[in-house]
Protein chains: 2
Amino acid sequence: MTAGSLAKSLTIRDVAHRAGVSVSTVSRVINGKKVRPELETSVRQVLSDLNFRPSAVARSMVRGTTQTVGVLVEDISSAYYAELIKGIESVLERTGHHPLFKSSHWSTVLEEEALKVFLDHNVDAIIVVGGFIPETRLRELAARLPLVVAGRGGLSLGVPTLTLDQRGGAERATRHLIELGHREIVHICGRMTQEDAVGRLHGYRDAMHSAGIEVRPEWILPGDFLETSAYRAMLGFVELNLPFTAVFAANDQMALGANLALHRKGLRVPDDVSLVGYDDLPMSAYSLPPLTTIRQPAQQVGEAAAHAAHDLMTGKTPHLPEFELRLVLRESTRPLRR
Amino acid sequence: MTAGSLAKSLTIRDVAHRAGVSVSTVSRVINGKKVRPELETSVRQVLSDLNFRPSAVARSMVRGTTQTVGVLVEDISSAYYAELIKGIESVLERTGHHPLFKSSHWSTVLEEEALKVFLDHNVDAIIVVGGFIPETRLRELAARLPLVVAGRGGLSLGVPTLTLDQRGGAERATRHLIELGHREIVHICGRMTQEDAVGRLHGYRDAMHSAGIEVRPEWILPGDFLETSAYRAMLGFVELNLPFTAVFAANDQMALGANLALHRKGLRVPDDVSLVGYDDLPMSAYSLPPLTTIRQPAQQVGEAAAHAAHDLMTGKTPHLPEFELRLVLRESTRPLRR
DNA sequence: TGCACTCGTGATAACGTTTTCTGCATGACC
DNA sequence: GGTCATGCAGAAAACGTTATCACGAGTGCA
């Protein structure tokens with residue numbers, strides 16, 4: 001052990017030299033191919049003595065595969081994507097792939113940039129969650145490498161897609177309120193540039209329409225999926241003094257914002273106003289009152305996406321399950337008092 | 001454009017050929033080195049015609065640098081780490097580095113595995129957040145490559161560390177309750193294998209001790225940083241029928257769990273029981289009541305960690321700022337009614 | 001005993017870049 | 001007009017692996 005030697009990283013060559021064999025043999029031992037037993041043991045000895053680990057970069061270079069999967073989401077840190085990512089992470093870990101997460105922050109240029117990075121780094125597959133990448137671009141990518149899209153609907157067959165029926169889910173949520181006797185139902189929208197938000201608004205309208213309720217334009221409140229937006233919107237709406245008895249927020253975070261706003265205005269949930277959210281974030285079961293919401297199986301979607309990517313990588317046709325959006329009944333809704 | 005040709009990825013060689021120059025020249029153009037203007041324009045033309053992008057893998061191979069930074073956290077999807085990650089992401093993006101996130105899920109073997117992956121992939125730096133990696137190992141790593149540790153205290157000087165004074169923060173939180181006149185204060189602990197949780201328990205004890213209050217063992221409730229654990233613990237404690245007027249939970253998620261449990265038992269926050277959390281998650285401002293808590297500047301810590309890593313990579317001595325843990329007064333605490 | 005095989009080994013060629021080295025012009029200076 | 005820099009382009013080496021190829025020694029069978 002020469003002191004002061006700056007750790008010039010060791011190579012398979014050093015191992016070969018010390019074990020008195022060729023690099024080929026060392027490579028074979030590392031990769032579990034047949035080698036004469038006595039050679040194998042001596043190589044293994046050196047391997048562990050030197051604590052040698054082959055360079056993944058060099059490996060990728062020659063093998064043409066990197067064991068990495070690019071994962072593109074809007075925002076790693078937002079609660080919903082966090083769930084999804086957890087799912088992706090858990091299955092990719094088992095398949096020996098390394099996820100490379102990128103947030104696009106709702107910017108089309110960042111999206112394209114992230115894709116470029118993935119391609120440059122020669123990822124073995126890409127998982128795209130939501131976003132605004134044009135379908136043509138997605139198709140182009142899918143033709144080039146394994147690509148799975150989650151959380152977007154209406155894509156052509158060329159692209160394996162995992163879809164949730166946002167419109168149906170929102171319809172279910174709104175219908176729940178209607179079934180409880182509510183008719184004056186407010187909807188707080190998500191960021192309308194996102195497909196999900198649009199779908200949920202449609203679902204709300206569907207349910208209202210089916211029930212023969214005319215939706216007043218004032219009932220449609222703009223929001224951006226964050227607590228604050230719903231808080232402000234709700235506050236503003238209450239000040240209009242229009243009658244209303246229920247609120248359907250396009251996600252749980254906004255439902256929470258609305259919940260506080262209602263409280264500030266002296267309205268009790270669910271006694272005065274029923275409130276439904278969307279997503280079923282882990283914390284929604286612990287809000288006051290616990291939130292009735294539509295459960296999006298985000299983690300399962302993540303798992304399925306990763307599985308599908310794995311299928312694609314191994315040449316199998318990807319399994320693309322359907323997911324059910326369930327209404328989770330808790331305590332933020334109640335029958336309209338007559 | 002030959003139809004049906006499977007897209008054998010193009011190389012710098014193809015570009016050189018089509019532009020009628022050598023590969024060296026193409027490389028020079030790509031890297032912005034001096035080249036005869038007319039050659040440069042023709043090469044650039046071909047470059048954009050072919051939409052050529054150099055392989056990051058090959059580049060890493062020869063340059064010995066990958067432009068990636070390994071980031072090891074306990075759990076990507078937990079709310080607190082999400083904040084931190086957001087900070088890391090935002091500055092690394094600006095420096096042109098790509099974060100490689102790994103969750104260790106509180107497992108020492110997964111931690112070590114993640115480190116190996118980082119090393120194998122030849123990351124340019126590593127950021128470790130919390131965790132259980134032995135100090136000797138950290139020192140060893142720090143000697144080998146730029147390493148920044150966040151969220152751990154008491155490390156030797158060899159390792160650049162970003163620390164938050166958890167003990168002090170918890171002392172502040174508890175003192176706040178004491179200043180409001182509370183004396184029978186319950187503490188819901190975090191996962192006690194984690195340094196943070198231990199620090200916060202110490203801080204709680206410090207404050208109680210300074211105020212001359214003897215801590216009853218029953219007041220120390222076990223928890224694991226998740227809502228459910230606190231919910232159950234709180235429920236159980238109330239059933240003991242011991243007098244108490246305030247609760248300090250080791251994080252906001254648990255404060256929320258406790259909040260619901262108190263509600264279930266007919267105790268109002270803050271009228272009957274004052275409640276303080278820790279972290280100041282975005283949603284804590286929207287709970288009912290809005291939560292008084294200790295603000296951990298997670299995002300800023302993330303930013304600082306990334307900056308420090310960048311400093312290290314560029315040979316500068318890392319800037320390791322101190323962070324202040326502020327008490328955020330909201331509505332879950334009030335003076336003890338006499 | 002000889003021939004065709006199999007098996008395991010080492011030498012060597014990839015993989016796609018950047019970097020170093022070499023060589024050829026061109027221009028400057030005495 | 002000859003020598004010496006200088007500038008820039010191409011050739012070749014290098015990065016650390018794996019894959020291909022060639023070879024020699026056994027082995028089985030006729």
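Reminder, nothing fancy here: chain letters follow the sequence lines and each chain counts from 1. Quick caveat, the model's predicted, so the values are computed rather than measured.
B:Ile12 places its CD1 atom 11 Å from the P atom of C:dT19, with the value rounded to the nearest Å. What separates CZ of A:Arg53 from P of D:dT18 is a distance of 13 Å, to the nearest Å. One interatomic measurement links the two molecules: CD of A:Gln67 to P of D:dT18, which rounds to 12 Å at whole-angstrom precision. If you take CG of B:Asn31 and P of C:dT19, they are 7 Å apart, rounded to a whole angstrom. Straight-line distance from the CZ atom of A:Arg13 to the P atom of D:dG16: 9 Å, rounded to whole Å. With rounding to whole Å, B:Arg63 atom CZ is found 16 Å from C:dT20 atom C1'. Between the CE atom of B:Met61 and the C1' atom of D:dC15 there is a distance of 4 Å, rounded to whole Å. Regarding A:Asp14, its CG atom lies at a distance of 13 Å from the C1' atom of D:dC15, rounded to whole Å.
Every pair passing salt bridge (charged side-chain N to carboxylate O under 4.0 Å, His left out) that includes a residue from residues 122-136 of chain B is listed here, sequence neighbours excluded: B:Glu135-B:Arg139. Annotation: side-chain hydrogen bond (donor to acceptor under 3.5 Å, both in side chains) contacts involving residues 95-108 of chain B, sequence neighbours excluded, comprise A:Glu89-B:Ser103, A:His98-B:Lys102, A:Lys102-B:His98, B:Glu74-B:Ser104, B:Trp106-B:Gln194. The side-chain hydrogen bond (donor to acceptor under 3.5 Å, both in side chains) contacts involving residues 113-123 of chain B comprise A:Arg53-B:Asp120, where partners must be two or more places apart or lie in separate chains.
Residues passing the salt bridge (charged side-chain N to carboxylate O under 4.0 Å, His left out) test with A:Glu40, sequence neighbours excluded: A:Arg44. A:Lys86 meets the salt bridge (charged side-chain N to carboxylate O under 4.0 Å, His left out) test with B:Asp75; sequence neighbours excluded. The salt bridge (charged side-chain N to carboxylate O under 4.0 Å, His left out) search around A:Arg137 returns A:Glu112, A:Glu140, not counting sequence neighbours. In this view, B:Arg36 and B:Glu38 satisfy the salt bridge (charged side-chain N to carboxylate O under 4.0 Å, His left out) rule, not counting sequence neighbours. Checked against side-chain contact (heavy atoms from CB on, under 4.5 Å), A:Ser60 has the following partners two or more places apart in sequence or in another chain: A:Thr66, B:Val57.
Annotation for B:Arg18: atom CZ does not count as buried by contact number, only 12 or fewer foreign heavy atoms lying within 6.0 Å.
For DNA chain C, the neighbouring residues in residues 34-48 of chain A, judged by any heavy atom under 4.0 Å, are A:Lys34, A:Val35, A:Arg36, A:Leu39.
Counting heavy atoms from C-beta outward, A:Val129 and A:Ile85 have side chains that stay 4.5 Å or more apart. For the pair B:Phe52 and B:Asp14, the minimum side-chain heavy-atom distance is 4.5 Å or more.
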For nucleotides 20-26 of chain D, list the nitrogen or oxygen atoms of the protein found under 3.5 Å from its nitrogen or oxygen atoms, one pair per line.
none

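As judged by a 4.0 angstrom heavy-atom cut-off over every strand, A:Thr25 is placed among residues touching the sugar-phosphate backbone only. Residue-level contact check: A:Val57 touches neither bases nor backbone, having no heavy atom under 4.0 Å from any strand.
A sub-4.0 Å separation between OP1 or OP2 of C:dG8 and a side-chain N or O of A:Lys33 is absent. Look at B:Ser22 and you'll find a side-chain N or O under 4.0 angstrom from OP1 or OP2 of D:dG10.
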Pairs under 3.5 angstrom only: tabulate donor-acceptor contacts from the side chains of residues 310-319 of chain B to other protein residues two or more places apart or in another chain.
| unit_1 | atom_1 | unit_2 | atom_2 | d |
| --- | --- | --- | --- | --- |
| B:Asp311 | OD2 | B:His319 | N | 3.2 |
| B:Thr314 | OG1 | B:His310 | O | 2.9 |
| B:Thr314 | OG1 | B:Asp311 | O | 3.0 |

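In this structure, of C:dT19, C:dG16, D:dT17, it is D:dT17 that holds the atom nearest to the side chain of A:Ala58.
Remark on the helix from C:dT1-D:dA30 to C:dC30-D:dG1: inter-end axis angle 50°, axes from five-pair C1' superpositions, rounded to 10°.
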